[in-house]
Amino acid sequence: MTGVNTYFRDVRIGVIGGTGLYSLDGLDVVETVDVETPWGRPSGPITIAASPRGHRIAFLARHGPSHHVLPSEVNYRANIAALKALGAQVVLAFSAVGSLREEIRPGDFVLIDQIIDRTKGGRADSFFTGTGVTAHASFGEPVSAGLRALVARHAAAVPAIAVHGSGTSVCMEGPAFSTRAESNLYRAWGASVINMTNIPEAKLAREAELTYAVVCMATDYDAWREAAEPVTVAEVMKTMKVNAANAKALLLAVLPDLEQAAYADPAAALTAPEAGSMQYAFQQPPEKQSAAGRKQLRFLFPQYFGAAE
Ligand SMILES: CSC[C@H]1O[C@H](OP(=O)(O)O)[C@H](O)[C@@H]1O
Ligand SMILES: Nc1ncnc2[nH]cnc12
């Protein structure tokens, strides 16, 4: 399928669940949608739920509903394109992370504001690759400060955890976890947490002009602590049982404000920095861009690639 988006539902808020977070609770599911994008299919069907205030929220499990997709093999482009196709303007993602700091305890949440890319170059990380259309998104601030602040305002809704308002994540390739030497290197770089999915998800969200933030949920102390065993999947999943319940509670607390920002006032400050942010990112004049590429990109950006042919 190229070009035309037939999936639009005006669902302005998207939620991406990571390891241990495969569904939303407390909201009525109204529809499940299988989306096909010009970049392929997302990790699974997207569930659309209605909030008690009547607004719609889209939910997608990053690794699929039964966690069958490895972090390196997630079709991040399809995931982001599918949420945008449904109408998403804001995406709040969740990710299980290892802690690189004593003070970030397993069970704590971190609203990261920076990312270090340690993926190995094999992940499709741009919607423009292969389209014959050149564009460069601004990525110095990789997540939305407004969305982080909005989530932070509701931290008290989950008294069992500490919510750290900022931090730097390392996104490693995986799937094996880090060696102790790597873990210590990332600590020396000043990083706070480590995971395997922030890149390219955050990059693609920025290209798609989505207001994006990711709640990093600490599950373990990675491999740097000499006195402890390095992280295992069993440890991650054990902590995620509690983290998932806290994540759902946090989301329910955040939603009224988020819905206000996304639905009641479309020109709100929350989405303003990202909305339209790609308009000056293109190098070629439209007539020099590939017609096939323009058609493909129309699915995501009808406003930039809609009219020329
Ligand atoms: C199963 S532990 C490693 C796995 O957990 C995290 O997933 P996500 O970010 O989707 O919550 C981490 O990034 C790895 O993919
Ligand atoms: N220690 C770790 N390293 C990478 N990804 C993770 N996800 C959860 N814990 C992790």
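Start at 1 and go down the list; that is how both ligands and their atoms are numbered.
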N/O separation below 3.5 Å, Phe177 to ligand 1: no

Check: Gln289/Gln283 side-chain N/O donor and acceptor closer than 3.5 Å: no

Mutual orientation of the aromatic rings belonging to His63 and His67 [parallel < 30°, tilted 30-60°, perpendicular > 60°]: parallel

N or O pair under 3.5 Å between Gly18 and ligand 1: no

Residue, atom name and distance, where the atom is the protein heavy atom closest to atom 7 (N) of ligand 2: Ala96 O, 3.0 Å

Heavy-atom nearest neighbour in the protein, as seen from atom 5 (O) of ligand 1, with distance rounded to 0.1 Å: Thr19 OG1, 2.8 Å

Element-labelled atoms of ligand 1 that are located less than 4.0 Å from some non-hydrogen atom of Arg62: 8 (P), 9 (O), 10 (O), 11 (O)

Greater than 12 external heavy atoms within 6.0 Å of Glu287's CD: yes

His63: numbered ligand 1 atoms lying under 4.0 Å from its heavy atoms: 7 (O), 8 (P), 10 (O), 15 (O)

Ligand 2 atoms in contact with Asp222 (distance to a heavy atom under 4.0 Å): 1 (N), 2 (C), 3 (N)

Atoms of ligand 2 close to Met196 [distance to a heavy atom under 4.0 angstrom, numbered from 1]: 4 (C), 5 (N)

SB check Glu259 Arg12 (cutoff 4.0 Å): no

Trp39 and Phe127 aromatic ring geometry - parallel, tilted or perpendicular at 30°/60° bounds: perpendicular

Those atoms of ligand 2 less than 4.0 Å from some heavy atom in Asp220: 1 (N), 2 (C), 8 (C), 9 (N), 10 (C)

Protein residue, atom and distance nearest to atom 13 (O) of ligand 1, heavy-atom basis: Met196 N, 2.7 Å

Nearest neighbour in protein (non-hydrogen) for atom 10 (C) of ligand 2: Gly98 N, 3.4 Å

Aromatic plane relationship, Tyr304 with Phe282 - under 30° parallel, 30 to 60° tilted, over 60° perpendicular: perpendicular

Proximal atoms of ligand 1 relative to Pro71 (non-hydrogen, under 4.0 Å): 15 (O)

Least distance between heavy atoms, Leu27 atom then Ala49 atom: CB-CB, 3.7 Å

With Leu92, the side-chain contact (heavy atoms from CB on, under 4.5 Å) member among Val215, Leu255, Ile13: Val215

Side chain, backbone, both or neither: the part of Thr19 lying under 4.0 Å from ligand 2 by heavy atom: neither

Thr219 neighbourhood, listing ligand 2 atoms whose heavy-atom distance to it stays under 4.0 Å: 8 (C), 9 (N)

Aromatic centroids of Phe109 and His164 separated by under 6.0 Å: no

Minimum-distance protein heavy atom relative to atom 6 (C) of ligand 2: Ile194 O, 3.7 Å

Ligand-side contact atoms (ligand 2) for residue partner Asn195, heavy atom cut-off under 4.0 Å: 4 (C), 5 (N)

Whether over 12 other heavy atoms sit under 6.0 Å from Arg105 CZ: no

Part of Val231 with heavy atoms under 4.0 Å of ligand 2, whether side chain, backbone, both or neither: side chain

Between Ser166 and Asp113, a side-chain donor and acceptor under 3.5 Å: no

